[in-house]
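Below is one structure; the comments refer to it alone.
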Amino acid sequence: MKRNTKINSLLLLAVAALAVLPLVLGLGDHKEEPFTGADAEAETAITEIEPDYEPWFSPLYEPPSGEIESALFAVQAALGAGVLAYYFGLRRGRRQGEERAARVARQDAHAPEGD
């Protein structure tokens with residue numbers, strides 16, 4: 001097995017462990033909503049410390065339900081992943097094109113001249 005394949009396999013295993021271990025170990029069982037986002041956690045902490053706190057700003061758009069909020073977050077994540085995949089694919093394609101052009105130039109330089 002190639003070294004890169006081993007590294008990629010280990011990284012994939014680590015990501016899977018990070019996703020599954022909190023569920024298996026029950027890390028969120030003591031909470032009413034076990035896996036809320038950081039915003040909700042911060043809001044809870046702030047209201048515990050200062051119950052009369054008034055936020056400085058309000059959201060531009062407040063989704064009508066948590067499901068819609070999750071869907072919008074998923075769309076945002078998918079768009080970000082698509083942009084990153086496009087960028088890395090473009091870089092790789094350009095690099096492969098440059099390597100191919102250099103290989104053809106070397107072959108042309110070593111080809112016998114004449115006819």
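The heavy-atom pair separating P59 from E62 by the smallest distance is CG-OE1, 3.2 Å. Across every non-hydrogen atom of P22 and A17, the tightest pair is CD-O, 4.1 Å.
A distance of 10.5 Å separates CG of N4 from CG of L11, quoted to the nearest 0.5 Å. Note that the CZ atom of R103 and the CD atom of Q96 stand 9.5 Å from one another [nearest 0.5 Å]. A distance of 15.0 Å separates CD in E48 from OH in Y53, rounded to the nearest 0.5 Å.
With hydrophobic clusters built from ILVMFWY side chains whose heavy atoms lie under 4.5 angstrom apart, V75 does not share a cluster with Y61. Put simply, I46 and W56 are part of the same group of oily side chains (I, L, V, M, F, W, Y) that touch within less than 4.5 Å, one to the next.
Residues L12 and N8 fail the side-chain proximity criterion, which asks for heavy atoms closer than 4.5 Å.
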| task | Apply side-chain contact (heavy atoms from CB on, under 4.5 Å) to Q76 and L72, showing your working. | result | CA-CA 6 Å; Q76 177 186 358; L72 290 173; over 6 Å; no
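Counting non-hydrogen atoms of other residues, nucleotides and ligands closer than 6.0 Å to OH of Y86 gives a total of 12 or fewer.
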